[in-house]
Chemist: 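So that we are looking at the same thing, I have put the structure below in structure tokens.
Note that this is a predicted model, so its numbers are computed, not measured.
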Amino acid sequence: MIRKAIVAVILAGGIAAAVAAVGLSPWWCLAAVPLCLLGLVGLADLVQREHSVLRNYPVLGHARFLMERIRPELQQYFIERNYDGRPFDRDVRSIVYERAKGTDAEQPYGTERDVYQPGYEFLVPSMAPCPVPGTPPRVRIGGPDCGRPYDMALLNVSAMSFGSLSANAVLALNGGAAAGGFAHDTGEGGLSEYHLRPGGDLVWEIGTGYFGCRTPEGDFDPGEFADKAAHDHVRCVSLKLSQGAKPGIGGVLPGAKVNGEIAKVRDVPEGKTVISPPYHRVFSTPRELVRFIARMRELSGGKPTGFKLCVGSRRQFLAVCKAMLAEGTAPDFIIVDGGEGGTGAAPLEFADHVGAPLTEGLLTVHNALVGTGLRDRVRIGASGKIATGTDLVKRLVQGADYGNAARAMMFAVGCIQAQRCHTNTCPTGVTTQDPRRARALDVRDKTPRVQRFQEATVASALQLMASMGVTDPADLRPHMLRRRLDPYTERSYEELYEWLEPGQLLAESPQSWAADWKAADPDHFTV
């Protein structure tokens with residue numbers, strides 16, 4: 001085969017020489033050049049040992065790799081139906097784009113979804129709808145230990161770090177939050193000037209790497225934390241235990257992406273790969289976690305302080321609740337991240353198979369707090385594929401007080417779901433540190449899109465609630481959301497799931513919770 005390729009190259013060169021020798025037009029000589037190049041490619045394919053396809057099918061085999069490379073785009077634009085794309089289908093992406101642009105997001109001719117398909121869910125309309133409130137309600141974040149409570153919007157920007165996102169994307173998101181009066185979670189990548197410059201309200205997230213408040217050895221630096229938490233734009237502080245995309249493992253930011261600016265924001269060496277460990281150094285037991293949350297609140301000057309997690313073991317979360325009761329203090333909020341969430345790149349096994357989906361996570365956290373009598377002092381945020389008003393209302397029914405959106409906010413600033421977030425080659429400038437690519441995202445154009453999307457989505461949620469006969473999200477009840485089990489049967493969430501009464505775990509645990517409640521230990525994270 002190598003001999004054939006060599007012969008091909010010689011023949012291609014011979015053709016070019018012959019064409020020139022007979023005195024034909026130089027354009028014919030130029031046309032012979034590609035033949036020579038193809039011959040060289042064929043030779044290289046035959047010699048290489050990495051790809052069997054290319055050894056057997058030199059030159060032609062490259063078509064296979066080209067088609068594989070553009071497969072996501074072909075799937076998205078030409079093959080998938082409006083309602084079956086993943087992670088977000090065409091209908092959802094379209095409604096986000098339309099609301100971000102301020103255009104109509106309505107659909108004629110009825111739904112395309114199979115309403116008799118098992119798993120289909122629907123909200124229950126009332127025969128006596130209410131007027132839609134003129135002003136969206138807000139959620140007061142701040143328990144009895146909080147000196148500076150914050151009124152949270154119903155929908156906010158979820159955690160995404162500078163470094164993972166470009167500077168322009170962060171500026172647009174925060175500018176939209178500032179204009180719309182909602183909060184922007186910084187993600188664990190530190191507090192950058194791009195978070196602070198537009199003036200939006202911030203939830204400063206601290207992860208296992210303690211970026212932006214760490215010592216050279218990687219420990220938590222209370223002095224630096226207190227200085228930065230005192231900033232007027234920082235309204236809440238959140239400790240990240242885990243995230244939906246990859247609960248139980250840490251994160252890696254390749255050294256190639258750690259430029260001088262990111263290194264300064266994160267307090268890490270420039271050009272070196274940054275690893276976020278899967279565990280925290282500041283605590284190792286539920287009791288120590290609760291104490292550290294209280295310490296963070298004190299260091300921040302009394303601002304609302306909480307933590308984020310992707311729920312796994314119900315027993316471990318009950319251990320945290322027991323620690324709250326034993327210590328006499330509790331976080332001001334808990335953000336529940338669903339296993340279906342994930343702007344961050346993660347191993348496929350973690351993304352697909354680790355961590356509770358948002359529905360089960362919310363039900364676990366909500367019921368545990370209700371059953372231990374702590375629900376009134378702890379607010380719950382929901383994060384995981386919230387993109388429409390329906391998504392938000394469903395999460396409020398399931399026990400959340402407010403919602404956070406990440407990927408939907410990325411759509412609002414131009415993301416096209418290319419799924420190249422971790423490659424630094426984002427085609428729209430959202431998830432890249434390449435200046436040439438990032439400049440494609442125009443901050444002045446995208447900032448109002450973020451505001452419009454959030455405003456329209458909250459308005460849609462309020463309109464849905466009004467159709468259900470509810471004006472206050474606190475009045476939503478489990479019987480108002482129903483799920484189809486098979487073509488002949490559907491049940492409400494009130495029937496499908498167990499809902500604890502206030503203090504029920506403290507009085508007499510129901511049988512389904514008794515074993516976990518008994519085994520939960522405030523001094524150990526028992527599996």
Side-chain angles (χ1 to χ4, degrees), residues 75-96 98 105-129 244 311 314 336 338-342 348 351-367 382 384-400 403 405 407-408 417 457 460-470 473 475-500 510-512:
Q75 179 78 17
Q76 181 179 141
Y77 295 122
F78 301 109
I79 298 175
E80 73 180 34
R81 295 171 293 185
N82 288 340
Y83 51 84
D84 61 3
R86 295 289 184 273
F88 289 84
D89 61 44
R90 168 63 60 181
D91 281 340
V92 171
R93 298 197 303 271
S94 295
I95 200 172
V96 174
E98 289 165 1
E106 297 177 346
Q107 174 180 312
Y109 227 66
T111 182
E112 295 182 358
R113 299 180 185 274
D114 182 358
V115 298
Y116 292 97
Q117 180 74 21
Y120 174 78
E121 293 185 341
F122 61 95
L123 301 170
V124 178
S126 171
M127 296 179 67
V311 175
R314 183 171 73 174
V336 181
E340 64 270 47
L348 184 64
D352 285 352
H353 302 294
V354 181
L358 186 52
T359 294
E360 283 71 24
L362 277 176
L363 293 171
T364 296
V365 172
H366 171 74
N367 277 297
K385 293 189 74 172
I386 295 178
T388 68
T390 307
D391 298 331
L392 182 55
V393 173
K394 284 183 179 181
R395 300 316 181 186
L396 297 176
V397 169
Q398 293 166 357
R407 285 171 289 183
Q417 196 169 277
T457 304
S460 171
L462 294 178
Q463 190 173 33
L464 286 166
M465 287 189 285
S467 75
M468 300 162 68
V470 171
D475 293 331
L476 290 169
R477 294 291 180 267
H479 69 268
M480 297 178 178
L481 176 59
R482 304 184 72 86
R483 179 189 295 170
R484 181 164 295 284
L485 305 181
D486 58 53
Y488 312 100
T489 312
E490 44 90 8
R491 294 282 186 272
S492 74
Y493 266 63
E494 185 176 52
E495 300 168 287
L496 290 172
Y497 296 97
E498 184 176 21
W499 300 84
L500 300 186
Q511 185 175 358
S512 57

Chemist: What are the two closest heavy atoms between Gly384 and Arg395, and how far apart are they?
Modeler: O-NH2, 4.2 Å

Chemist: For Ser460 and Gln463, does a side-chain donor sit closer than 3.5 Å to a side-chain acceptor?
Modeler: no

Chemist: Taking C-beta and beyond as the side chain, do Arg113 and Asp91 meet within less than 4.5 Å on heavy atoms?
Modeler: yes

Chemist: Quick one: do the Tyr497 and Gln398 side chains pair a donor with an acceptor below 3.5 Å?
Modeler: no

Chemist: If you compare all heavy atoms of Glu360 against all heavy atoms of Ala356, which two are closest, and at what distance to 0.1 Å?
Modeler: CB-CB, 4.3 Å

Chemist: How many angstroms lie between CG in Leu123 and CG in Leu476, if you round to the nearest 0.5 Å?
Modeler: 8.5 Å

Chemist: Where do His366 and Gly399 come nearest, in terms of heavy atoms and distance?
Modeler: ND1-O, 3.7 Å

Chemist: Check whether any side-chain heavy atom of Arg491 sits under 4.5 Å from a side-chain heavy atom of Leu485, and report yes or no.
Modeler: yes

Chemist: Would you compute the distance between atom CG of Leu464 and atom CG of Leu392 and round it to the nearest 0.5 angstrom?
Modeler: 9.5 Å

Chemist: Which heavy atom in Ala400 sits nearest to a heavy atom in Leu362, and how many Å separate them?
Modeler: CB-CD2, 4.0 Å

Chemist: Is any side-chain N of the basic residue among Arg483 and Glu490 closer than 4.0 Å to the acidic one's carboxylate O?
Modeler: no

Chemist: When you measure from the side chain of Thr489 to the backbone N and O of Asp486, does any donor-acceptor pair fall under 3.5 Å?
Modeler: no

Chemist: Identify the two heavy atoms, one from Arg482 and one from Ser492, that lie closest to each other, and give their separation to 0.1 Å.
Modeler: NH1-CB, 3.5 Å

Chemist: Which heavy atom of Val397 sits nearest to which heavy atom of Trp499, and what is that distance?
Modeler: O-CH2, 4.0 Å

Chemist: Looking just at side-chain N and O atoms, do Asp391 and Thr388 make a donor-acceptor pair shorter than 3.5 Å?
Modeler: yes

Chemist: Atom CG in Leu500, atom CG in Asn367: separation rounded to 0.5 Å?
Modeler: 4.5 Å

Chemist: Just so I know, are the side chains of Val470 and Met480 near enough to count as touching, which here means a heavy-atom distance under 4.5 Å?
Modeler: yes

Chemist: Just wondering, more than 12 heavy atoms not from Glu498 lying within 6.0 Å of its CD?
Modeler: yes

Chemist: Measuring from Leu358:CG to Leu363:CG, what's the distance to the nearest 0.5 Å?
Modeler: 9.0 Å

Chemist: What's the separation between atom CG in Leu481 and atom CG in Leu496, rounded to the nearest 0.5 Å?
Modeler: 9.0 Å

Chemist: Quick check for you: to the nearest 0.5 Å, what is the distance between Arg407 atom CZ and Arg93 atom CZ?
Modeler: 12.0 Å

Chemist: Tell me every residue that passes ring-ring contact (aromatic ring centres under 6.0 Å, His included) with Tyr116, counting only those two or more places apart in sequence or in another chain.
Modeler: none

Chemist: Please evaluate residues Lys394 and Glu121 with respect to the criterion salt bridge (Lys or Arg N to Asp or Glu O under 4.0 Å), reporting the C-alpha separation (whole Å), side-chain torsions for both, the decisive distance (0.1 Å), and the verdict.
Modeler: CA-CA 9 Å; Lys394 284 183 179 181; Glu121 293 185 341; 3.3 Å; yes

Chemist: Is there side-chain contact between Leu396 and Pro473, with heavy atoms separated by less than 4.5 Å?
Modeler: yes

Chemist: Judged by atom type as modelled, is there a donor-acceptor pair below 3.5 Å linking the side chain of Lys385 to the main-chain atoms of Pro87?
Modeler: yes

